[in-house]
Amino acid sequence: MSRQRKSGSLNPGEKPWGGRFQERTHRLVETFMSSLPVDRRLYKYDILGSIAHCKGLERADVLTRREATAIIRGLEGIRTEIDDERFPFASEDEDIHMAIERRLTTMIGPVGGKLHTGRSRNDQVALDLRLFLRDALGTLLEGARRFQQALLGQARRHLDVVMPGYTHLQRAQPVLFAHHLLAYAEMIGRDKGRLRDTLSRLDELPLGAGALAGTNYPIDRTYVAKLLGFSRVTANSLDTVSDRDFVIETLSALSILMMHFSRLSEELVLWSSQEFQFVTLPDAFCTGSSMMPQKKNPDVPELIRGKTGRVYGHLFALLTTLKGLPLSYNRDLQEDKEALFDALDTVTAALQVLTELIKGLTVHRAALARAAGSGYLLATELADYLVAKGVPFREAHHTTGRLVRACLESKRGLHDLTLTDLRMFSEHFEKDALDVLTVEGAIERKGQVGGTARKQVEARLKALEKALT
Ligand code: ARG
């Protein structure tokens, strides 16, 4: 039941919007609707935004200097209370915005009720999320940079290590192990680009959009934007309170990043298996079996691979939430935060643990070299040799294919062949044909930009190292 208010402050259980209501909110509804357990994480940004809004109101002569000062002091006091975990949250607080406003009025009296002039929670929450993401994406970019550095460190330490490159998970052509690692550094570089794009698009002040139509007060939006470090103000109030593109973009960029992590994880699982034995994962990043004493399991990369599904899930949940929503604000939008926060937490944790795991990787160069030296990975080199002697590539490919089949039948490798053997397949083979049959030579011949030749890999490594410091 809506009761008469004592000046400014709320009776227990009363809502700030309770004026037109005759019944108290049902306790089930209160629990169902509350976003406080999730969005209390935004408190610092909420207070930062409120302080800037308050200064905007003062400059527009909506608040006096005294009023603005009292409100700002109150807000700073609340920030300290929440920092110190002394803030008295109440069950009727719908969200962090209401909790802070209620507390403000209790602390400084009716003047606290002036803060929300010319503002709605709709533009307020849009602001809080942007402020939060600006920090969170900054932290994530730094984590991604450290991860790239871990990859570069391993690449630098193993510049002379060769390995089989695969397609279809079949041995294809030899490559440098460093080339393989740098492939992941490139992927993470693009991930960082996507996060930076998101940052540049969310760099707009939503305050001033009000609930949906704009504000009646002559607040200088550009001034408030400058206070909060935004480059621009949003251009359409309806769009401003409806828009969650920047959250979806973040989830999309995080999903792609996790997809890259998942692929690397899969390779780590394969490479550390007894079937491959290319690498050993650090003991500290593996777990044992409760039954089989000999087991050392690659649970960390497995779980990263597993958590990728969870991040995709958040992306699809929010896309689905937004689909079919009419303009402008609808309460459905409250679902954005849980998805966003969990995706960010998941990716942050994965970044940290995978960075350390990569740093601690032991690389078995002999096993990698053995694998690169068998399995006919040099067949393409022989075909290209024939091309150099004027044989059309298709014919050279066919001839070399027959040669490989003959080797398979006689259980020989290409390096077991003599010149006489080769000449039984083509008279174009001469003495120098045997020279192309080395792993190192095959790698060195991939000398174009982007190829696996040592000088190209080293140049790219150097460029990335420079870009990351
Ligand atoms: N807690 C809401 C959210 O996170 C913000 C409040 C807007 N609520 C409203 N009824 N207009 O989206």
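Please read all numbers here as calculations on a predicted model, not as lab measurements. In listed order, ligands and their atoms are each counted from 1.
By the 6.0 Å and 45° rule, Arg130 does not stack over the aromatic ring of Phe230.
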Exercise for the section: Decide yes or no on ring pair (Phe, Tyr, Trp, His ring centres under 6.0 Å) for Phe89 and Phe87, but give the supporting numbers first. Expected result: CA-CA 6 Å; Phe89 285 104; Phe87 184 91; 4.5 Å; yes
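Between the side chains of Asn297 and Thr287, no donor-acceptor pair is found at a separation under 3.5 Å. Side-chain polar atoms of His260 and Arg263 form no donor-acceptor pair below 3.5 angstrom.
Aromatic pair Phe261/Phe147: ring centres closer than 6.0 Å.
Closer than 4.0 angstrom to ligand 1 by heavy atom are Ser35, Asp95, Arg121, Asn122, Val125, Tyr329, Arg331, Gln334, Lys337, sorted by chain and number.
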Which atom pairs, donor and acceptor, lie under 3.5 Å between side-chain atoms of residues 168-183 and protein residues at least two apart or in another chain?
unit_1 : atom_1 : unit_2 : atom_2 : d
Arg171 : NH1    : Ala371 : O      : 3.4
Arg171 : NH1    : Ser374 : OG     : 3.0
His180 : NE2    : Glu267 : OE1    : 2.6

